[in-house]
Amino acid sequence: MSENKRKYIVTSAWPYVNAIPHLGNLIGSVLSADVFARFLRLRGEEVVFVSGSDMHGTPVAVAAKTKHLPAEELAMKNHEIIADLFQRWNISYDNYTHTHTPTHIKFVQEFYVEVQKNGYIFEKEIESLYCKEDNLFLPDRFVEGICPHCGASGARGDQCDNPECGKLLTPLELNKPKCAICGSTPEIRTTKHWYMDFPKLQEELKELIENNQIIPQNARSMCLNSIEEGIPERAITRDLEWGIPAPFEGAEDKSIYVWFEAVLGYISAVKEWAEKNENDPKRFDSFWKDNETNAVYFIGKDNIIFHLIVFPGLLMAYNANKKEEEKLVLPYNVSSTEFLMFEKDKFSKSRGVGIWINEALEIAPLDYWRFNLVYNRPEKSDTSFLWSEFENNINTLNDIIGNFIHRTLTFINNKFESKIPEKIKLDERDEQFVVKLKTISEQIEFYLGQFELRKALREIVEYAREGNIYLNDKAPWHIIKKNKKAAGHVFNLCAQFAYSLAILLGPFIPNTSKKILELLNLEKDLNELGWDSIDENKLETGKEIKKAEPLFEKLDIDDIKEKLIKIKQKKKRVKQIHMISYEDFKELDIRIGKITNVEGIENADNLYKLTLDTGDGTRTLVAGLAQHYKEEELLNKNIAFLANLEPKKLRGVLSEGMLLAAVKDNVVSILTPDKDVDPGAKIE
RNA sequence: AGGGGUAUAACUCAGCCUGGGAGAGAGUAUUGGUCUCAUGCGCCGAAAGUCAGGAGUUCAAAUCUCCUUACCCCUACCA
C-alpha cells in the first residue's frame, strides 16, 4: 500500500432478503469486508463501507403471496432482522440500507435513463409463459415440465434436473409445462423487454480487465475467457410488480430485473449515506466520482463475472458521454472467496444443514466466531466448517493469545503493583524480540493489502506464539528471585507486546481488542491509537494497568453442539405446532387502561396518539384506529392493552404498548371489559 | 457440453504464479522431555507424506506441459 492516504469504497455483496444469511454468506462477503474496512480505518484511510438488503424479485413476491402479506411489508420485516443481526455481529457498515429506499429507486431510474440516452439499451419482443392463476409471467425457474431430451419429469425451465441429462432448456421447450407455484398450465404470451447492449462494450471491458493488474489471477482468466466467448445481451426488465418500475417509454408495467438494480445499490447506498448520515451530498461525489478512489468488492466465487463484467459494463454505459469529473469509478478490485461447507456438506436451508448467523450468536461468543471464520476463510478452495476445527481455534485463541496476555498482566499485577515496570538495557534476545514487534504491523499490512485475511490472522497467531517463547526463554519468574529490575524489564516488553496484539487484532475481533486496551488502562479507542502506534516504548514506565481478567474461556464443543440442536428443534416446533406453553402466555402482561386523551398524529391518517390511565400512572400508546373510530368514541373507554411490549417509535411518537382489538376483514373492534374494573387490572 | 478452480502427513492447511538452500513446511491429534508466572495453560524434541494417477520437458519437477480421475463454481437468479 502506498504512503498517501487513499479513498476506499468497501462493499459486501447484498444479501437477498428472503433468507437469513448463514456462516458461509457471512465470511464470503460481509465479515471479510468488515475486517478490511476496519483495517483501513485503523490505518487512517478514508473509508465508506456500505451494503444492504436486496428486497425485490420473484421469490419475495411469491413468499409474500403465500403468507398473505404485501411484498413490501415482508421484505421490510426481513430487512430489519438482517440489519439487526449484522449489528450484533459487529459489522461496521457506514450504511446498511436496502433497495426499496426512495434514494435507490430514484437513482436506478435516472441511471437507466442515462444509459438509454447513451445508446446502450434496445427493445425486443419475446415469447414467454404466463400463468393466469397467479397473474405472472413465469421466470424460467418457476416452470416445471417434462424434459424434451430425456423425458424426465420435474425438469425446470432453465435446465433438466435429471443429473444424467442436465441439458439446458428454455421454458418453451418443455413438454406439459406447469406453473411451479400453483401447478396450472401456463399459456404463451408475447411480451416486450428492454435489453442491455453488452456486446457493444466488449472491447472496453476487455481492456479494463487486461489493464487491471491487481485482480486475482483466477478471476482474471475467467473474465477474459468469458469476454472472448462474447458477452451476451441481457434483458434488464421483467414482468413483475415487486421491483423498481422501469423508466423507459412504453415500459410502464415492467420492473428492472433485480440483478440490474441491486448492484447499483453500491452507488445509491453511498449517496444515501452522504445525504443522510453526513448531511453533505458532495461526499458522494468525492468517493464515487473520483477515479483515484479504490472501490473494493467482497463477493463469493459465483459472483465474479457479475462484478467484473456486468457491473463495470453498466458503469461504462452510464459514463459514456460524461465529463471526466462526472464519471463513476470502475472497480479497483474484487476479493472473491470459495464456499464454506458444513462438515463436508453444503449449507442447506431446506435440509437444515449448517449454522445460521442468528443461531451462532446464541451458542458461542461473537469473537470466537469471527476468529474462527476468518482463520478458516475459504480463500483457495471450498473449506469445511468442522466442529473439531472450531474447537481447535477456540483453544488457540485461549491458550496462545489469551494466555500470553493474561500471564503478562497478572505478573505485573502481583509483583509490580500493577505498574508497568522499568526497561533496562536490551540484550540480544530482547533485540530480536523488539525487531518482531516493530515489523509485525508491516507484515500483516502486506497480507491484508493482498486480501489474504486468513494468512494475516494466522501470522498474528504465530506472532503471539513468539511472545510465549520469549517469556519462556527469559523465565522472569526465576530472575525475580535475584534481580527484580531485570524481571520487570521482561514484563515491560511483554506489556508492549500485549498492546501490539490489541492493535493487530482490532480489525478481526474488535471486542477482544477493546478489552485488552481497557485492561492496559488506555483511554483512547482503537482508531485514535492507530495501526502504526505499535512501539516498544508505547506504554510508559509506571503506568498503572487494571486487574487482569481472562479474555476467553474454553468451551466444551459438545455442549455447543447440543445447544445448536436444541435451538433448531425449538424453531421447528414453533413452526409446526404454533402452541405455546402457559409460561409463555404468562410472559404477556395484558392490562386494562382508561383512555384519557385522544389526538391525531401528523402525516398519519390511520394513527391516534392515546393517553392511558394505567392505574399506577399514565402512558402513551399509538394505535391504528383513525379509520375505524372517532376520537370521541374512544375517550374515557376502558381498553385492554399489552403492557410489556417493547416501546417503538411510530411516526415520531413513542408507543409504550399495544392496544388490543378484534380484527376481521374491514371490521376493527376494540376490547373493553364486560364489567366495570379499575385501570391497571391484569388479564389472565 | 464449454470455461474457471481444487487434490500435499490421521485432520485442517502453507509451498506452486517466478522449477534449484540435494532433508517437502506449520497447526491440531499421537508421543518423549521440561517449566510452574499463567486458564487442564506454556516451552523443547520425536514420529508421521511414492505432493490424486499417468506421461513428457529439464542437469533438476509438489512447482512447467499434456492426458486421466474426483469434487466445486460459472455459463444457467444461493456468499
Handout entry: A:Asp345 CG - B:C71 C1' separation (whole Å)
Key = 13 Å
Problem - A:Thr383 side chain near B:C13 phosphate (N/O to OP1/OP2, under 4.0 Å) - result: yes
Handout entry: Contacts of type side chain to side chain contact (heavy atoms under 4.5 Å, CB included), residue A:Asp556, not counting sequence neighbours
Key = A:Asp558, A:Asp559
Would you tabulate the nitrogen or oxygen pairs shorter than 3.5 Å linking the protein to nucleotides 72-74 of chain B?
residue	atom	partner	partner atom	Å
B:C72	O2'	A:Lys301	NZ	2.5
B:C72	O2'	A:Asp382	OD2	2.6
B:C73	OP1	A:Lys346	NZ	2.4

Exercise for the section: Compare the ring of A:Trp477 with the six-membered ring in the base of B:C37 and state whether they stack (centres under 5.5 Å, planes under 30°). Expected result: yes
Exercise for the section: Indicate, with a heavy-atom threshold strictly under 4.0 Å, whether A:His22 touches base, sugar-phosphate, or nothing. Expected result: base
Problem - B:U65 and B:G20, which share atom name P, separated by this distance in whole Å - result: 15 Å
Problem - Any donor-acceptor N or O pair under 3.5 Å, side chains A:Glu359, A:His22 - result: no
Practice task
Measure the distance from OH on A:Tyr447 to C1' on B:C13 and round it to the nearest whole Å.
Solution key: 15 Å
Problem - Any donor-acceptor N or O pair under 3.5 Å, side chains A:Arg377, A:Thr337 - result: no
Completion exercise
Per nearest nucleotide of RNA chain B, the residue lying toward the 5' end, A:Ser388 or A:Ala13, is A:Ser388
Practice task
Describe, in one word, how the ring planes of A:Phe86 and A:Tyr96 are oriented to each other, choosing from parallel (under 30°), tilted (30 to 60°) and perpendicular (over 60°).
Solution key: perpendicular
Fill in the blank from the handout: Assert: residue with more 5' nearest nucleotide on RNA chain B, out of A:Thr396 and A:Glu553, is A:Thr396
Exercise for the section: Report yes or no: do A:Asp54 and A:His98 form a side-chain donor-acceptor pair below 3.5 Å? Expected result: no
Problem - side-chain contact (heavy atoms from CB on, under 4.5 Å) between A:Tyr470 and A:Asp430, intermediate numbers included - result: CA-CA 8 Å; A:Tyr470 173 74; A:Asp430 296 331; 2.6 Å; yes
Problem - Between A:Asn395 and A:Glu391, a side-chain donor and acceptor under 3.5 Å - result: no
Handout entry: Under 3.5 Å side-chain donor-acceptor pair for A:Lys254 and A:Thr191
Key = yes
Practice task
With A:Arg458 as the cation and A:Tyr375 as the aromatic partner, state whether NZ or CZ is under 6.0 Å from the six-membered ring centre and within 45° of the axis.
Solution key: yes
Handout entry: A:Tyr463 side chain to A:Ser500 side chain, donor-acceptor N/O pair below 3.5 angstrom
Key = yes
Exercise for the section: Verify, without hydrogens or angle tests, whether A:Glu466 (side chain) and A:Phe433 (backbone) share a donor-acceptor contact under 3.5 angstrom. Expected result: no
Handout entry: A:His56 and A:Trp259 aromatic centres sub-6.0 Å
Key = no
Could you go over nucleotides 40-49 of chain B and give all protein N or O partners under 3.5 Å, atom names and distances?
residue	atom	partner	partner atom	Å
B:C41	O2'	A:Asn403	ND2	2.5
B:G42	O2'	A:Arg407	NH1	3.0
B:G42	O2'	A:Asn472	OD1	2.8
B:G42	N2	A:Asn472	ND2	2.9
B:C43	O4'	A:Asn472	ND2	3.1

Problem - Between A:Asn511 and A:Asn90: side-chain donor-acceptor atoms closer than 3.5 Å - result: yes
Completion exercise
Here the residues of residues 228-243 of chain A within 4.0 Å heavy-atom distance, strictly under, of RNA chain B are A:Glu229, A:Arg238
Exercise for the section: Please work out if A:Phe552 contacts a base, only the sugar-phosphate, or nothing of the nucleic acid, heavy-atom cut-off 4.0 Å. Expected result: base
Completion exercise
When rounded to the nearest 0.5 Å, the distance separating CD of A:Glu549 from CD1 of A:Ile405 is 13.5 Å
Exercise for the section: Would you mind telling me which of B:U39, B:A38, B:C78 lies closest to the side-chain atoms of A:Thr410? Expected result: B:A38
Exercise for the section: Provide the distance between the two P atoms, one in B:A29 and one in B:C43, to the nearest whole Å. Expected result: 12 Å
Exercise for the section: Check whether the side chains of A:Asn358 and A:Arg88 place a donor and an acceptor atom closer than 3.5 Å, and report yes or no. Expected result: no
Exercise for the section: Please state whether the phosphate of B:G5, meaning OP1 or OP2, lies under 4.0 angstrom from any side-chain nitrogen or oxygen of A:Ser221. Expected result: yes
Problem - Whole-Å gap separating P (B:A79) and CZ (A:Phe342) - result: 20 Å
Fill in the blank from the handout: Rounded to whole Å, CD1 of A:Ile394 lies from C1' of B:U12 at a distance of 15 Å
Problem - Touch class at under 4.0 angstrom, heavy-atom based, for A:Leu386 against every strand present - result: sugar-phosphate
Handout entry: Pairwise C1' distance for B:A62 and B:A7, with rounding to whole Å
Key = 11 Å
Practice task
Could you tell me whether A:Glu210 atom CD has more than 12 heavy atoms of other residues or ligands within 6.0 Å of it?
Solution key: yes
Practice task
Give each stem of RNA chain B as a range with a range, requiring at least 3 consecutive Watson-Crick or G-U wobble pairs whose two distances are under 3.5 Å.
Solution key: B:1-7 with B:69-75, B:10-13 with B:25-28, B:30-34 with B:42-46, B:52-56 with B:64-68
Practice task
Classify the nucleic acid contact of A:Phe306 as base, sugar-phosphate or nothing, counting any heavy atom under 4.0 Å across all strands shown.
Solution key: nothing
Handout entry: A:Asn225 CG - B:G2 C1' separation (whole Å)
Key = 9 Å
Practice task
In plain terms, say whether A:Lys474 and A:Asp427 are close enough for a salt bridge, that is, a side-chain N and a carboxylate O under 4.0 Å apart.
Solution key: yes
Handout entry: Whole-angstrom distance between B:U50 and B:U8, as gauged at atom C1'
Key = 12 Å
Problem - Side chains of A:Thr512 and A:Asp367, donor plus acceptor under 3.5 Å - result: yes
Handout entry: P-based separation of B:C16 from B:C64 [nearest Å]
Key = 9 Å
Practice task
Could you tell me whether the phosphate oxygens of B:A70, OP1 or OP2, come under 4.0 Å of any side-chain nitrogen or oxygen in A:Lys344?
Solution key: no
Practice task
For nucleotides B:C74 and B:U68, find the distance between their C1' atoms and express it as a whole number of Å.
Solution key: 23 Å
Problem - A:Leu493 CG - B:C37 P separation (whole Å) - result: 21 Å
Short N/O separations, protein against nucleotides 14-19 of chain B, under 3.5 angstrom:
residue	atom	partner	partner atom	Å
B:C16	N4	A:Lys380	NZ	2.4

Handout entry: Value in whole Å for how far the P atom of B:U28 lies from CG of A:Leu397
Key = 14 Å
Exercise for the section: For the residue pair A:Trp14 and A:Tyr266, categorise the inter-ring angle as parallel (less than 30°), tilted (30 to 60°) or perpendicular (more than 60°). Expected result: perpendicular
Completion exercise
A:Ile401 CD1 to B:G27 C1', in whole Å, measures 13 Å
Exercise for the section: Could you measure between the two C1' atoms, the one in B:A14 and the one in B:U28, and give it in whole Å? Expected result: 15 Å
Handout entry: P atoms of B:A9 and B:G5, separation to the nearest Å
Key = 23 Å
